[in-house]
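Here it is, the structure in full.
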Amino acid sequence: MKQYATLLILLLGLGLSACTTNNDERRPTISLESCRLPGGVTAQCGMLTVDENRDLAGGRTIDLDIAVLPATGSSSVIEADPLFLLAGGPGQAATEVYPNAAYLFEEINRTRDIVLVDQRGTGESNGFVCDNLTDESLPDDLPDEAAVGLLDDCRKELEQQADLSQYTTDRFIEDLEAVRVALDYDTINLYGASYGSRAALAYMRRHPEVIRSVVLDAVAGPELVLFRDMPRDGQRALDLLFERCAADEACHTAFPDVQAEYEALLTQLEQPQPITVAHPLTNEPLEFEMTRDRLSQYVFNILYSPEFQSLLPLLIHHAHETGDFAPLVVQALAVGSSTGVYPGLLYAVACSEDAPRIDLAEAEAIRAATSFGSFTENFLAICATWPRAEVAADLREPLRSDIPTLLLSGGTDPVTPPGYAEQVAQTLPNSRHLIAPGFGHGLIAYGCVPRLVSQFINDGSAAALDTSCVENMEPPPFFVTFAGPEP
């Protein structure tokens, strides 16, 4: 899978049916009308027009797409401070990804409005649609150099509709603050998932006085450099998965040599092998060469989800025993096809904020210590022609803040492992960090986490949280056959 589909930064979402508007004292300057979001979720939607370049008077403007899910409870329980939801990627549109899991934030939406703002460059906020990348088969039908060329063609098209240097995290924060003011909320709460956690940290830095509490899920801390650190962090997750399989009686009995089998597959694929699989979304045949790097990329994708992780030993064993890679490829493609990332926005952000921090020699040293291929070379080849925006000097500095913050990490997350959250927490004295062993990228959908997040936002503090349930959360059991886990 090519680099524009690689960064599978979070398959989460939320949204609930809208009821009456809360807080009669508010005087929004945005006109909101009833609308229906993906999944049939009803909301109040509107647009806020902002300058694309706030430093350039009379320049191009952007209409930011906004959806408000009014609190559903009675007026006696409704609170004035809403929850703003910041999507992942970079490149996901909040109004597209969040309505798909409304039940997760049902209790919060009972007492608080939920606000969704499509980041500039996504969704209806001047979404960076690349028409030449819409074919679902592209990531696997084309060699890497061809994919780089397609992304450069996309850049040329996007430059006709946008100044790509104005699509950064700080510009997104300026947009969010403008929305808060226009909706007339005095204070807000934030939930940021994956890249959304980078944005949330930037918002905390820029406007601490308006933020009541923050949840950071799958924390992309300042130290994380996209595409440079992924082989190391993916290897950590894969090693932990192999260790968990070895310690699990059913998995170890069924696949006693799964790590060695995986290493044998990598060696075998140093000589590329032609394969054909049916795409999981289109069912169209995909014909391409399976290579060592491609296999490791698919494994990386699968590690995002604990449900898919539970299949991985079986998928590896099956490929090793039969030479049939199709089941593994189909699972990886299913993950990659569901991210909803606008690649133009992904590269507008990452080429400015991450690419300048990559030293090729350092990146190669990181990769060489892993079983994964390079995430860096194609990324830098893409970024060679994309504009590099001016980035705030403090974007990568540790944030020091007393804002109540709850940090969530999956123990086997391949892209934002717990170490990044630990670093962030060191300078947030009013924070707690929860780690769920054996879980992947993003915790909001699992176990007791939705209840804890609701309690945290209700209290505005993590002090009273009983978090023992997180330590006792069990990841899905390993599949020992394609029929499922052991009974």
For the residue pair Ile188 and Leu83, establish whether any side-chain heavy-atom pair is separated by less than 4.5 Å.
no
Identified side-chain contact (heavy atoms from CB on, under 4.5 Å) counterpart of Leu69 within the set Val115, Thr42, Asn109
Asn109
Any chance you could lay out the salt bridge (charged side-chain N to carboxylate O under 4.0 Å, His left out) test for Arg228 and Asp359, step after step, and finish with the verdict?
CA-CA 9 Å; Arg228 184 195 69 183; Asp359 175 81; over 6 Å; no
Residue list, ring-ring contact (aromatic ring centres under 6.0 Å, His included) with Phe372, at least two apart or on another chain:
Phe300
What are the two closest non-hydrogen atoms of Gly221 and Arg396, and how far apart are they?
O-NH1, 4.3 Å
Near-ring test Phe379/Phe227, centroid separation under 6.0 angstrom:
yes
Does a sphere of radius 6.0 Å around CD in Glu33 hold more than 12 heavy atoms from other residues, nucleotides or ligands, not counting ones at 6.0 Å or beyond?
no
Checking side chain to side chain donor-acceptor pair (under 3.5 Å) for the pair Tyr342/Glu96: CA distance, chi angles, key distance, verdict?
CA-CA 11 Å; Tyr342 287 73; Glu96 294 176 356; 2.7 Å; yes
Tightest non-hydrogen contact, residues Ala464 and Asp459, listed as CB-OD2, 4.4 Å
Results of ring-ring contact (aromatic ring centres under 6.0 Å, His included) for Tyr203 - residues two or more places apart only
His207
Tell me whether the count of non-hydrogen atoms from other residues, nucleotides or ligands lying under 6.0 Å of CD in Glu377 goes above 12.
no
Any chance you could lay out the salt bridge (charged side-chain N to carboxylate O under 4.0 Å, His left out) test for Glu174 and Arg54, step after step, and finish with the verdict?
CA-CA 9 Å; Glu174 293 169 352; Arg54 287 181 169 84; 3.2 Å; yes
Less than 3.5 Å apart, which donor and acceptor atoms pair up between the side chains of residues 121-129 and the rest of the protein, not counting sequence neighbours?
from: Thr122; atom 1: OG1; to: Gln119; atom 2: N; distance (Å): 3.3
from: Thr122; atom 1: OG1; to: Gln119; atom 2: O; distance (Å): 2.7
from: Ser125; atom 1: OG; to: Asp65; atom 2: N; distance (Å): 2.8
from: Ser125; atom 1: OG; to: Asp118; atom 2: O; distance (Å): 2.9
from: Asn126; atom 1: OD1; to: Gln161; atom 2: NE2; distance (Å): 3.1
from: Asn126; atom 1: ND2; to: Tyr167; atom 2: OH; distance (Å): 2.9

Please tell me if the side chains of Gln455 and Glu107 come closer than 4.5 Å, counting only heavy atoms from C-beta onward.
no
Minimum heavy-atom distance between Leu238 and Ser371, given as atom pair plus value
CD2-OG, 4.1 Å
Counting neighbours of CD on Glu362 that are heavy atoms of other residues, nucleotides or ligands and sit closer than 6.0 Å, is the number greater than 12?
yes
Answer yes when Asp229 and Arg367 have at least one side-chain N-carboxylate O distance shorter than 4.0 Å, and no when they do not.
no
With heavy-atom distances below 4.5 Å as the criterion, would you say the side chains of Ile108 and Asn458 are in contact?
no
Tell me, do Leu48 and Thr29 make a side-chain contact under 4.5 Å, heavy atoms counted?
no
Which residues pass the side-chain contact (heavy atoms from CB on, under 4.5 Å) test with Asp402, sequence neighbours left out?
Pro429
Side chains of Leu380 and Ile358, heavy atoms from C-beta outward: is any pair under 4.5 Å?
yes
Can you list the residues that meet the side-chain contact (heavy atoms from CB on, under 4.5 Å) rule with Ala421, with sequence neighbours excluded?
Val219, Leu407, Ser409, His433
Note: Asp113-Arg26 ion pair, threshold 4.0 Å (strictly below)
yes
Nearest heavy-atom approach of Ala200 to Leu190 is O-CD1, 4.0 Å
Heavy-atom pair with the smallest gap, counting every atom of Val50 and Arg120
CG2-NH2, 4.0 Å
Side chain to side chain, Asn430 and Thr405, heavy atoms closer than 4.5 Å:
no
What heavy-atom pair brings Ser352 and Val391 nearest, and what distance separates the two atoms?
O-CG2, 3.5 Å
Is the closest side-chain heavy-atom distance between Gln166 and Arg60 below 4.5 Å?
no
Mind checking ring-ring contact (aromatic ring centres under 6.0 Å, His included) for Phe439 and listing every partner two or more places apart, or none if nothing turns up?
Tyr446
